[in-house]
Amino acid sequence: MNIEKLKKASENFGTPLYVYDLSIIDSQLKKLKEAFKKLDNYQIHFAAKALSNISILKYINNLGLGLDAVSIEEVRTGIKCGYDVKKILFTPNGVNFSEIKEAVALGVKINLDSLESLIDFSKAYPNQTVSVRINPGVMAGGNENISVGHLDSKFGITEESLDEIVKMDKEKKIKVTTLHIHTGSDIIENNHFELGIRKIFSVAHKFQNIETIDLGGGIKIPYFLGDTETDLNKYAEVIYEEVEKFKLKKGKDIKLIFEPGKFLVSDSGYFITKVNYVKKSTKNTFVQVNSGFNHFVRPTLYKSYHEIVNLSNPNDKKFDYSVVGYICEKDTFAENREISKVSKGDLLCFKNSGAYGFTMTSNYNSRLKPTEVCIHKNEIKMIREGEKFDDLFRGQIDIFSE
Ligand SMILES: *Cc1c(COP(=O)(O)O)cnc(C)c1O
């Protein structure tokens, strides 16, 4: 991390501020490609919901990646950013069928995850190519909110409906060419990945026209020194084994898709705030920063750990602090955290905030959304203007105006 550069960005653009170092997206992609070197037929789709600024999406498109979209708005954003429609996969959950129709009209690939929506699809588009999201029945992921592949989850098709879908495929009501799983985010246990992978390949044998298996996202990155992370080599090895088995048994090749969100962009992002006060109370020393969960919700919502660096005073003696926001309810960023001595006016930087940072911001407490900048070829460039007071009222209608 380049402390001087981050301080400069804060001076030039103010705080709170999101900074993305684009070179880290490249290095993460390189790591992934390195781990997948034995796999020869795969495509990487970036999960847009992790970070959907158009400059970032264009940058990632230029790296040759496709897009994983979970709403029709993300599909349209992808198209606006130049993604080839054939490299956009739309994975909605529980949306109105009109959204699916719109996606078909735009020419993107559709990934459906309920028998009910597949029946609608077969009526509107008989025997058309479709991807089916399978619920692998594994509990995996960093916490309950982001574990989406277990049997109680609303995502994916479970065993009971599978036979019906195989039948629809046989009867040429639908043409299933892709199977998809996404088990959750922050998957630590490699054996959870393994269960999902083995499961989807076993399901693949039931379909006539399978060409692609989409393994979703969920790769866990380390949030601090010594934190757990997904063993990419083991992950790739299990996949390789299954692909080879598939080829042998079916006598044809299979294409893979991966949909990393967090893995590609989390590390590239820094969220920078300024200290308003250091407040002593009976039990705690609170560091009160000029932000709250309206700007960075992961610590509050998921209890996620983000390393905090005092950019203004990085190498001093460390003390225990509780870092909190200014929202009028509990919005703790970190409890009992050791940080290099903090004073009023210091810049505190939250690491690993590139994914699910800005995209989850809100205007709660009538606060304005922050500026986003990126570091590209050593230059700092603004990619989103911070909101202004009037932006709060955009679209509102004052029925009592004179
Ligand atoms: C959110 C999501 C991803 C990305 O998950 P990460 O944990 O960020 O890698 C991939 N695919 C689908 C369908 C998703 O909903």
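Quick note: residue numbers are just sequence positions, from 1. Numbering of ligands and ligand atoms starts at 1, following listing order.
Using a 4.0 Å cut-off to heavy atoms of Y356, the atoms of ligand 1 that qualify are 1 (C), 4 (C), 5 (O), 6 (P), 8 (O). Using a 4.0 Å cut-off to heavy atoms of K262, the atoms of ligand 1 that qualify are 6 (P), 8 (O), 9 (O). Every atom of ligand 1 with a heavy atom of G261 under 4.0 Å away is listed here by number and element: 4 (C), 6 (P), 8 (O), 9 (O).
Using a cutoff of 4.0 Å between basic side-chain nitrogens and carboxylate oxygens, K38 and E237 are scored as salt-bridged. Looking at K247 and E244, a side-chain N of the basic residue comes within less than 4.0 Å of a carboxylate O on the acidic one, giving a salt bridge.
Pairs passing the salt bridge (Lys or Arg N to Asp or Glu O under 4.0 Å) check and including a residue from residues 305-315, sequence neighbours excluded, read E307-K351.
Centroid-to-centroid, the aromatic rings of F286 and Y321 stay 6.0 Å apart or farther. A distance of 6.0 Å or more separates the ring centres of Y305 and Y223.
To the nearest 0.5 Å, atom CD1 of residue I339 and atom CG of residue N310 are 7.5 Å apart.
Residue H182 touches ligand 1 through its side chain alone, judged by heavy-atom distances below 4.0 Å. Of all the heavy atoms of F263, none lies under 4.0 Å from any atom of ligand 1, so neither backbone nor side chain is involved. At a heavy-atom cutoff of 4.0 Å, ligand 1 is contacted by the side chain of A47 but not by its backbone.
Polar contact with ligand 1: present for G218 (N/O pair, distance under 3.5 Å). Residue K49 has at least one N or O atom closer than 3.5 Å to an N or O atom of ligand 1. Below 3.5 Å of separation, one finds no N or O of T91 facing any N or O of ligand 1.
Here atom 12 (C) of ligand 1 lies nearest to D68 when heavy atoms of N111, D68, N93, D113 are compared.
For the ring-ring contact (aromatic ring centres under 6.0 Å, His included) test with H306, the passing option among F271, F333, F296 is F296; the others fail.
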